A.B. asks: 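This structure is in structure tokens; I'll ask about it shortly.
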Amino acid sequence: MTITVTKGSDKEPVIDEAVRMLWLLPWLPRRGRARAVITTTNQDFAQLGAEVRVEGFTPAQAAAFLCARSGLNDIEQATLVAHELGDLPLALSQAGAVIRRRRQSFGDYLAGLGSAPLASMLARVPGDEYPSSVEQATLRSIADAEAADPTGVARRVVDLMALLSPSGVRRDLLYHLPIERPGIDSAVATLAGASVIGFDVTGTVVVMHRLTRRFALTRIRTQGRLRAAAQEATTLLDAAVATTPPADVDLVDHVADVWVAVHRDLKPDPEATGLVADLLRLRRWSVERLGALGESARSLTTAIAVLEEHQNADGIDDEAVSLARRAVIDAGIGTDRELEVVTFAEEALAERMRIAGPDKSGTVSARNLLGYCCECAGLLERALEIHRYNLQESLRACGPDARSTMAAHINIASTLRSIGQINEAVPIFEENLRENTRAYGAEHESTINARGELARTYVRIGRAAEAITLHEINADLHRAEPVGTLALWWPQYRATAYSAAGRHDEAIALLRGLVEQAQATLPRDNPRLIRLRLFLARALSAASHHRRALRLFERVAQDRTRVLGIDHTASLNARRNLGLALAVRGQRRRARTVLTAVLADYIRVLGEEHPYTASARSSLEELPSLREFPL
């Protein structure tokens, strides 16, 4: 089946043998004049564009292709071989390569097809449309190519390709085998000549057809070599993970596909416990790597699956399970889905209490993390209760200068700020900065965080000049650091301080640069990128660029609703911001409609008395007098 996704261009990039739609979506054209052609057997892709069903070879086409591939000119005999192979192009290509290399006739090939030593005993399942002889043709082609390589490298490459991602394997990944590169290149060339593998258009990615991969994997199982093959794949992936620069998302895919291919077979094998633990460690790395790449939604779903894998595996220690659970919590925080991981944070705290007791710093840190998740999820009263109790516990168990004590102090202040008790929060933030500076120095990450949080709060109470001073101290400390989360986080709040001080051009220029940087490094649905657009929209509105601001506010509201859901607090906040922007633009009737609807949703989701509901009610009440966008 071929799917054509059209945006009006006569240029047609081709995506061949597409497997998973979600992985492909970021690469499809979204605007302008562009068109892509996707070949796939997955019916789900039909929703993306116009579907064109591609039929197989006719008998005449199959015979002609086989003659060309084998170098023989016997159409009658070629037709017999092609019929036996179901006229399937893949099998014909592989059969032709074997015939050419062995200098066989078509009759000789037919006579040898189905020989017992090659049989993989692959079970037939409903929907298999290929003749059983196709499996034999494929296995014969693999065996023939491996026989042509006395070093055994070709067989190792076939085994790896059977376990790694069907989307393809970069050639440089294969170079992590403890083999000289010429040997790998020679083996790859031999397998490509036999049509066991192929290449993408760049020649840098090696691809094995899904059917060939299926047969090769079944062969590994039936020959009792799965644990050895999985061990080599794991060693290869470990070497790749350790490389600099860090691996891209394709390595995450490889880890996932190796796990899917082998974990059921390894579970009952008592000698595979260490190998399973190594694979699960790579799975945890995958979650971390997805987060670093900004693949936020996938990082959370992967993290939850990885935790379940840890819990279902035999012989996995408690610490590994704890790390997997922490990966879920971190992924939830990174995707603005803290409410979904509160339960996991509760489990993490219960586990720390059970293993370490109440007096260990790990227990205090776990309780702090639970409180932070509750605060971010809008569970403000519970968060404040947790943080106040945690401050007492941290002072008792860890002392006044411990990081956990500093964190508990600042989290109390942050929650008070979220509740709206900002006058109570300010002195706590100020004291926290003094204590961090005394205990850790001016440049410590805890001090930088304390300085930034105080600056955010100063903006809220009209002390923009002092906020700018604090933010610029942090900016000077971060200038030499590589791009990362902090490089995007604190500058957005510095821009808000510039806006509050009337330095609108600086604020807008800073935020536009941050948005461009984020767009170049993060997927379009990443919450950090969406948040930066919201900051830019606020800065534009504060500078009276209302038309451009309004377009951004509308986009942010749509994006957050689509990515996070209509009831997420960030989505509600985006819609409230849209209503405020409409008001200062002069569209008060529409503003009232938006703010009335969002207030109703705040009440439905959070209740009448929640601080966020009160803030939304205030926005609606102040609508008649609103002239400037509130920062």
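Reckoned from all heavy atoms, side chains included, excluding hydrogens, waters and symmetry mates. Keep in mind that what you see is a predicted model, and the values were worked out from it rather than measured.
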A.B. asks: How many angstroms lie between atom CG of Leu552 and atom CG of Leu532, to the nearest 0.5 angstrom?
C.D. replies: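 So the CG of Leu552 and the CG of Leu532 are separated by 11.0 Å.
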A.B. asks: Charged N to carboxylate O below 4.0 Å: is that the case for Glu393 and Arg396?
C.D. replies: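 Judged by the 4.0 Å cut-off on N to carboxylate O distance, Glu393 and Arg396 do form a salt bridge.
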A.B. asks: Quick one: does any side-chain atom of Thr447 pair with a main-chain N or O of Gly441 as donor and acceptor, under 3.5 Å?
C.D. replies: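 Between the backbone of Gly441 and the side chain of Thr447 there is a qualifying donor-acceptor contact (under 3.5 Å).
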A.B. asks: Please check if any side-chain donor atom of Glu351 sits under 3.5 Å from a side-chain acceptor atom of Ser322, or the reverse.
C.D. replies: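 Judged by distance alone, the side chains do pair up.
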A.B. asks: Could you tell me whether the side chain of Asn390 and the main chain of Val364 form a donor-acceptor pair under 3.5 Å?
C.D. replies: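 Yes, Asn390 side chain to Val364 backbone: donor-acceptor pair under 3.5 Å.
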A.B. asks: Please find the pair of heavy atoms, one from Ala397 and one from Asp359, that lie closest to each other, and give the distance.
C.D. replies: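 Scanning both residues completely, I find the closest heavy atoms to be CB-O, 3.6 Å.
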A.B. asks: How about Arg547: does its CZ atom have over 12 heavy atoms from other parts shown lying under 6.0 Å from it?
C.D. replies: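 Atom CZ in Arg547 is not crowded, with 12 or fewer foreign heavy atoms closer than 6.0 Å.
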A.B. asks: Please name the pair of heavy atoms, one in Arg560 and one in Ala574, separated by the smallest distance, quoted to 0.1 Å.
C.D. replies: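 The answer is CD-CB, 3.8 Å.
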A.B. asks: Does the pair Arg528/Asp336 count as a salt bridge with the N-to-O cut at 4.0 Å?
C.D. replies: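 Not counted as a salt bridge, because no side-chain N and carboxylate O are separated by less than 4.0 Å.
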A.B. asks: Can you establish whether the number of heavy atoms outside Glu308 located under 6.0 Å from its atom CD is more than 12?
C.D. replies: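 Not more than 12 within 6.0 Å, no.
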A.B. asks: Could you walk me through whether Val515 and Arg512 pass side-chain contact (heavy atoms from CB on, under 4.5 Å), step by step?
C.D. replies: CA-CA 5 Å; Val515 169; Arg512 280 179 172 158; 5.7 Å; no
A.B. asks: Would you find a donor on one side and an acceptor on the other, under 3.5 Å apart, between the side chain of Tyr602 and the backbone of Ala597?
C.D. replies: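 Not at all, since once roles are kept as given, no pair shorter than 3.5 Å links the two residues.
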A.B. asks: List for me each residue that meets salt bridge (Lys or Arg N to Asp or Glu O under 4.0 Å) alongside Arg604, sequence neighbours excluded, and say none if there are none.
C.D. replies: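 Applying salt bridge (Lys or Arg N to Asp or Glu O under 4.0 Å) to Arg604 gives Asp567, Asp601.
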A.B. asks: Would you find a donor on one side and an acceptor on the other, under 3.5 Å apart, between the side chain of Thr613 and the backbone of Gly607?
C.D. replies: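 Yes; judged by distance alone, with no hydrogens or angles, the pair exists.
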A.B. asks: Is Arg456 close enough and on-axis enough to Tyr493, meaning under 6.0 Å and within 45°, for cation-pi?
C.D. replies: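 Yes; both conditions hold, so Arg456 lies above the ring face of Tyr493.
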A.B. asks: Got Arg538 and Phe629 here, is their nearest side-chain heavy-atom distance under 4.5 Å?
C.D. replies: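 Yes - at least one pair of side-chain heavy atoms lies under 4.5 Å apart.
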A.B. asks: Is the shortest distance from a Lys or Arg side-chain nitrogen in Asp253 or Arg298 to a carboxylate oxygen in the other one below 4.0 Å?
C.D. replies: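 Salt bridge: yes.
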A.B. asks: Just wondering, more than 12 heavy atoms not from Tyr612 lying within 6.0 Å of its OH?
C.D. replies: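 Yes, OH of Tyr612 has more than 12 neighbouring heavy atoms, counting only those of other groups under 6.0 Å.
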A.B. asks: Rounded to the nearest 0.5 Å, how far does CG of Asp505 lie from CG of Leu510?
C.D. replies: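 If we round to the nearest 0.5 Å, Leu510:CG and Asp505:CG are 12.5 Å apart.
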A.B. asks: Could you check whether any side-chain heavy atom of Ile468 comes within less than 4.5 Å of a side-chain heavy atom of Arg494, counting everything from C-beta outward?
C.D. replies: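 Counting from C-beta outward, Ile468 and Arg494 never come under 4.5 Å.
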A.B. asks: Under 3.5 Å, side chain of Arg588 to main-chain N/O of Leu623, donor-acceptor pair present?
C.D. replies: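 Flag set: sc Arg588 to bb Leu623 pair under 3.5 Å.
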A.B. asks: Under 3.5 Å, is there a donor-acceptor pair between the side chain of His610 and the main chain of Gly378?
C.D. replies: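 Yes, His610 side chain to Gly378 backbone: donor-acceptor pair under 3.5 Å.
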A.B. asks: Say whether, by atom type as modelled, one donor and one acceptor occur between the side chain of Ser625 and the main chain of Glu622 under 3.5 angstrom.
C.D. replies: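 Between the backbone of Glu622 and the side chain of Ser625 there is a qualifying donor-acceptor contact (under 3.5 Å).
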A.B. asks: Using a 3.5 Å cut-off and no angle test, enumerate the donor-acceptor pairs between side-chain atoms of residues 403-413 and protein atoms at least two apart in sequence or in another chain.
C.D. replies:
from, atom 1, to, atom 2, distance (Å)
Ser404, OG, Ser394, OG, 2.6
Thr405, OG1, Ser394, OG, 2.7
Thr405, OG1, Gly399, O, 2.7
Asn411, ND2, Asn368, OD1, 2.5
Asn411, ND2, Ala407, O, 3.1

A.B. asks: Could you go through the side-chain contact (heavy atoms from CB on, under 4.5 Å) check for Thr457 and Glu430 one step at a time?
C.D. replies: CA-CA 10 Å; Thr457 310; Glu430 291 173 332; over 6 Å; no
A.B. asks: For the aromatic rings, using the six-membered ring if either is Trp, is the centroid distance between Phe429 and Tyr458 under 6.0 Å?
C.D. replies: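 Ring centroids of Phe429 and Tyr458 are no less than 6.0 Å from each other.
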A.B. asks: Tell me whether Gln558 contacts the main-chain N or O of Arg555 through its side chain, where contact means a donor paired with an acceptor under 3.5 Å.
C.D. replies: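 Checking the backbone N and O of Arg555 against the side chain of Gln558, no donor-acceptor pair under 3.5 Å is found.
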A.B. asks: Test your reading of the model: is there a side-chain donor-acceptor pair from Ser499 to the backbone of Ala542, 3.5 Å cut-off?
C.D. replies: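 It does not hold such a pair.
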A.B. asks: Can you tell me if Gln519 and Arg533 form a side-chain donor-acceptor pair at under 3.5 Å?
C.D. replies: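 Yes.
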A.B. asks: Nearest heavy-atom pair of Ser619 and Leu595: which atoms, and what distance?
C.D. replies: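 Scanning both residues completely, I find the closest heavy atoms to be O-CD1, 4.1 Å.
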A.B. asks: Verify, without hydrogens or angle tests, whether Asn526 (side chain) and Leu522 (backbone) share a donor-acceptor contact under 3.5 angstrom.
C.D. replies: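 Checked: no pair found.
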A.B. asks: Hey, what do you get for SG (Cys373) to CD (Glu346), rounding to the nearest 0.5 Å?
C.D. replies: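 Cys373 SG to Glu346 CD: 9.5 Å, rounded to 0.5 Å.
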A.B. asks: Roughly how far, to the nearest 0.5 Å, is the CG atom of Asp559 from the CG atom of Asp525?
C.D. replies: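 Going from the CG atom of Asp525 to the CG atom of Asp559 covers 6.5 Å.
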A.B. asks: State, with a plain yes or no, whether a side-chain heavy atom of Ile428 is found less than 4.5 Å away from one of Glu431.
C.D. replies: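 No, every pair of side-chain atoms sits at 4.5 Å or beyond.
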A.B. asks: Tell me, with the steps shown, if Val563 and Thr335 meet side-chain contact (heavy atoms from CB on, under 4.5 Å).
C.D. replies: CA-CA 10 Å; Val563 173; Thr335 59; over 6 Å; no
A.B. asks: Check the angle between the aromatic planes of Trp490 and His471 and answer parallel, tilted or perpendicular using the 30° and 60° thresholds.
C.D. replies: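 Correct class here is tilted.
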A.B. asks: Could you check if a side-chain atom of Thr437 sits within less than 4.5 angstrom of a side-chain atom of His444, using non-hydrogen atoms only?
C.D. replies: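 The answer is no, as the side chains (C-beta and beyond) never meet within the 4.5 Å cut-off.
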A.B. asks: Do Trp285 and Val252 have side-chain heavy atoms sitting under 4.5 Å apart?
C.D. replies: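 Counting from C-beta outward, Trp285 and Val252 do come under 4.5 Å.
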A.B. asks: Below 4.0 angstrom, N of the basic side chain to O of the carboxylate: do Arg503 and Glu472 qualify?
C.D. replies: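 Yes, charged N to carboxylate O under 4.0 Å.
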A.B. asks: May I ask you to check whether Glu375 and Ser414 show a side-chain donor-acceptor distance below 3.5 Å?
C.D. replies: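 A donor-acceptor contact under 3.5 Å links the two side chains.
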A.B. asks: Is the count of non-hydrogen atoms from other residues, nucleotides or ligands lying under 6.0 Å from Glu443 atom CD greater than 12?
C.D. replies: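 Incorrect, the count does not exceed 12.
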A.B. asks: Do Val249 and Arg289 have side-chain heavy atoms sitting under 4.5 Å apart?
C.D. replies: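 No, side chains not in contact.
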A.B. asks: Please give me the minimum heavy-atom distance between Ala348 and Arg325, naming the atom from each residue.
C.D. replies: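 In terms of heavy atoms, the two residues are closest at N-CD, 3.6 Å.
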A.B. asks: Ignoring hydrogens, what is the shortest heavy-atom contact between Arg382 and Leu370? Give both atom names and the distance.
C.D. replies: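 Shortest heavy-atom contact: NH2-CD2, 4.2 Å.
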A.B. asks: Could you go through the side-chain contact (heavy atoms from CB on, under 4.5 Å) check for Glu347 and Arg352 one step at a time?
C.D. replies: CA-CA 9 Å; Glu347 292 173 356; Arg352 285 296 97 191; over 6 Å; no
A.B. asks: Quick check: do Ser615 and Arg576 have side-chain heavy atoms less than 4.5 Å from each other?
C.D. replies: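 Yes. Closest side-chain heavy atoms under 4.5 Å.
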A.B. asks: If you define the side chain from C-beta out and look only at heavy atoms, does anything of Ser167 sit under 4.5 Å from Asp250?
C.D. replies: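 With C-beta onward as the side chain, the pair stays apart.
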A.B. asks: May I have the step-by-step check of salt bridge (charged side-chain N to carboxylate O under 4.0 Å, His left out) for Glu288 and Arg326, ending in yes or no?
C.D. replies: CA-CA 10 Å; Glu288 178 184 341; Arg326 178 57 191 263; over 6 Å; no
A.B. asks: Say whether His310 and Arg284, considering side chains only, have a donor N or O and an acceptor N or O under 3.5 Å apart.
C.D. replies: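 Yes, because at least one side-chain N or O of His310 sits under 3.5 Å from a partner of the opposite role on Arg284.
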A.B. asks: Is Glu554 salt-bridged to Arg551, going by a charged N under 4.0 Å from an acidic O?
C.D. replies: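 No salt bridge links Glu554 with Arg551.
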A.B. asks: To the nearest 0.5 Å, what is the distance between CG (Asn432) and CG (Asn449)?
C.D. replies: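 Going from CG on Asn432 over to CG on Asn449, the span is 8.0 Å.
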A.B. asks: With salt bridge (charged side-chain N to carboxylate O under 4.0 Å, His left out) as the test, would you mind laying out the steps for Glu466 and Arg463 before giving the verdict?
C.D. replies: CA-CA 6 Å; Glu466 294 169 86; Arg463 296 165 65 175; 2.8 Å; yes
A.B. asks: With rounding to the nearest 0.5 angstrom, report the CG to CZ distance, Leu529 to Arg524.
C.D. replies: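 Nearest 0.5 Å value for the CG-CZ distance: 10.5 Å.
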A.B. asks: What pair of heavy atoms forms the shortest contact from Gly565 to Ser571, and how long is it?
C.D. replies: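 Here Gly565 and Ser571 meet closest at O-OG, 2.7 Å.
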